[in-house]
Asks: 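Can you read through this structure? Questions will come right after.
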2 protein chains.
Amino acid sequence: MASRSSTSEHSAPLLDEQICFALYNASRAMTARYRELLEPLGLTYPQYLVMLVLWESEPVTVSHLGARLQLDSGTLSPLLRRLEAAGFVERNRSADDERSVLVSLTPAGDELRAQTTRFPELVCGASGLSIDAIEMLRDQVFAFAGNIRTSI
Amino acid sequence: MASRSSTSEHSAPLLDEQICFALYNASRAMTARYRELLEPLGLTYPQYLVMLVLWESEPVTVSHLGARLQLDSGTLSPLLRRLEAAGFVERNRSADDERSVLVSLTPAGDELRAQTTRFPELVCGASGLSIDAIEMLRDQVFAFAGNIRTSI
DNA sequence: GGCAATAAAGTTGTGCACAACTTAAAGGCG
DNA sequence: CGCCTTTAAGTTGTGCACAACTTTATTGCC
């Protein structure tokens, strides 16, 4: 990896110096690995993230999913329609609040859970890093994202 | 951030334990910050990445851009068409090899460079991390991506 | 109750990513 | 030379992300 001294001494930022490019690249590389594992199950990576939330607890509203995954209804509505068409989730208007839609697992959606339990370790195993190193990296990346989200 | 012990003791992986979700989230949070800066210039983040490569040296082929950014022609061809329509780049078939397309900067594209030099420090400044911490994180993320890319 | 303000989800349109495919130009080899 | 393989770029189709907008329901607040 290129490792020059500092961005500020150049007239234009260099690609290899940018943490942002590193994150963009790493995220896509990871997703590509997950795609190999998820495609046989009929899931995309964002769909898998929705399933992870549902496997923790259900039913949940679309806005709860949005808060957990940092996604808006413009992304989630069509994604959930596809998950429903695939038979993995159900959507029902809440009786308490007719504005809300409650997303719940179908039996097929629940059964997918067991097939995915080893996926994180399969992907992380390919990274060549120890569990501890990965956990430290994860916490740093979460912290970075959290700080950067709050404003510029 | 949630920091539980280990993935393997749960029946399903937990969202907050996943480095992959951290990277996915951090990448989108970063892109959102860049969007605020780039939108006034008429650039998207992937278009900005292409410009970064061109500001390092030009002309370059589409495949060279693809190798630097890990993007294929299916992504780059329409992106370059939009950059050309915006007046920032030119595309010309190579005389040496009629299969290749050489992408070069227009004067307008070259002038954008000066307007972007402070962007990385603006975004990184929002992260609350020191330059050294960011550089370490960047190198770890690049290493992670590099390892994960090679196969599962 | 009446009504403005807010909130939840959905729709529309644009621009990536990426798979699968097409077109056309080089290269290699008998 | 003819022909087969490889390579470069482009096209098509699907599924995110996200902005901007719409629709409908709920919540103040008088």
Side-chain angles (χ1 to χ4, degrees), chain A residues 21 24-36 38-40 42-51 59-67 69-86 88-89 91-103 149, chain B residues 21 24-36 38-40 42-51 59-67 69-86 88-89 91-103 149:
Chain A
F21 178 62
Y24 165 79
N25 243 352
S27 178
R28 288 193 302 126
M30 270 279 226
T31 305
R33 288 296 147 234
Y34 267 103
R35 190 177 300 118
E36 299 171 14
L38 292 169
E39 195 272 336
L43 287 177
T44 65
Y45 182 69
Q47 289 168 9
Y48 165 72
L49 293 179
V50 167
M51 297 303 283
V60 295
T61 62
V62 175
S63 12
H64 176 78
L65 287 170
L69 304 175
Q70 308 289 330
L71 292 170
D72 66 11
S73 68
T75 300
L76 288 172
S77 288
L79 186 155
L80 291 168
R81 176 169 42 245
R82 285 184 283 269
L83 274 182
E84 190 173 41
F88 298 137
V89 307
R91 289 190 291 172
N92 298 103
R93 286 276 161 191
S94 164
D96 294 355
D97 185 340
E98 284 284 338
R99 292 172 303 178
S100 294
V101 166
L102 293 173
V103 183
R149 199 187 314 285
Chain B
F21 179 62
Y24 165 80
N25 242 351
S27 179
R28 287 192 303 126
M30 268 277 224
T31 304
R33 286 297 147 234
Y34 267 103
R35 190 177 300 117
E36 300 171 12
L38 292 168
E39 195 272 337
L43 286 177
T44 65
Y45 182 68
Q47 289 168 9
Y48 165 72
L49 292 180
V50 166
M51 298 303 283
V60 295
T61 62
V62 175
S63 13
H64 175 78
L65 288 170
L69 304 175
Q70 308 290 330
L71 292 170
D72 66 10
S73 67
T75 300
L76 287 172
S77 287
L79 186 156
L80 291 169
R81 176 170 41 246
R82 285 184 283 270
L83 274 182
E84 189 173 41
F88 297 137
V89 307
R91 289 190 291 172
N92 300 103
R93 285 276 160 190
S94 164
D96 294 356
D97 185 339
E98 284 283 337
R99 292 171 302 179
S100 295
V101 165
L102 294 172
V103 183
R149 201 187 312 287

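Chain letters run A, B, ... following the sequence lines, proteins first and then strands; every chain starts at 1.
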Asks: Consider the side chain of Glu98(B), meaning its heavy atoms from C-beta on, and name the nucleotide among dA26(C), dC16(D), dA17(C) that approaches it most closely.
Replies: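 It is dA26(C).
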Asks: Determine all donor-acceptor pairs shorter than 3.5 Å in which one atom belongs to a side chain in residues 24-32 of chain B; sequence neighbours excluded.
Replies:
| unit_1 | atom_1 | unit_2 | atom_2 | d |
| --- | --- | --- | --- | --- |
| Asn25(B) | OD1 | Arg28(B) | NH2 | 3.3 |
| Arg28(B) | NH1 | Gln70(A) | O | 3.0 |
| Arg28(B) | NH2 | Leu69(A) | O | 2.8 |
| Arg28(B) | NH2 | Gln70(A) | O | 3.3 |
| Thr31(B) | OG1 | Ser27(B) | O | 2.8 |

Asks: Taking only residues two or more places apart in sequence or in another chain, which ones pass salt bridge (charged side-chain N to carboxylate O under 4.0 Å, His left out) with Arg91(B)?
Replies: Glu84(B)
Asks: List in chain and number order the residues that pass side chain to side chain donor-acceptor pair (under 3.5 Å) with Tyr48(A), two or more places apart in sequence or in another chain; answer none if no residue qualifies.
Replies: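 Only Gln18(B) meet the side chain to side chain donor-acceptor pair (under 3.5 Å) criterion with Tyr48(A).
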Asks: Any chance you could list the contact pattern along nucleotides 4-13 of chain D? Use B for base contacts, S for sugar-phosphate-only contacts and - for none, protein heavy atoms under 4.0 Å, 5' to 3'.
Replies: ---BSBBB--
Asks: Nearest 0.5 Å, what's the CG-CG distance between Leu49(A) and Leu65(A)?
Replies: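 Those atoms lie 10.5 Å apart.
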Asks: I want to check one thing: is the phosphate of dC16(D), taken as OP1 and OP2, less than 4.0 Å away from some side-chain N or O of Gln47(A)?
Replies: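 True: Gln47(A) side-chain N/O within range (under 4.0 Å) of dC16(D) OP1/OP2.
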Asks: Rounding to a whole Å, what distance do you find between Arg82(B):CZ and dA17(C):C1'?
Replies: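 It is 11 Å, rounded to the nearest whole Å.
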Asks: Any side-chain N or O of Tyr45(A) under 4.0 Å from OP1/OP2 of dG15(D)?
Replies: no
Asks: Whole-Å distance between dC16(D) C1' and Tyr24(A) OH?
Replies: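 From Tyr24(A) OH to dC16(D) C1': 13 Å.
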Asks: Closest approach to the side chain of Leu79(A), judged atom by atom: which nucleotide of dC16(D), dC16(C), dC18(D) is it?
Replies: dC16(D)
Asks: Tell me, please, which residues at least two apart from Ser100(B) pass side chain to side chain contact (heavy atoms under 4.5 Å, CB included).
Replies: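 For Ser100(B) the side chain to side chain contact (heavy atoms under 4.5 Å, CB included) partners, ignoring immediate neighbours, are Thr61(B), Ser94(B), Asp97(B).
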Asks: What's the CD-C1' distance between Gln70(A) and dC16(D), to the nearest Å?
Replies: 16 Å
Asks: Quick one: side chain to side chain contact (heavy atoms under 4.5 Å, CB included) partners of Ser73(A), sequence neighbours excluded?
Replies: Ser77(A)
Asks: Starting at atom CG of Leu71(A), determine the distance to atom P of dG15(D), rounded to an integer number of angstrom.
Replies: 16 Å
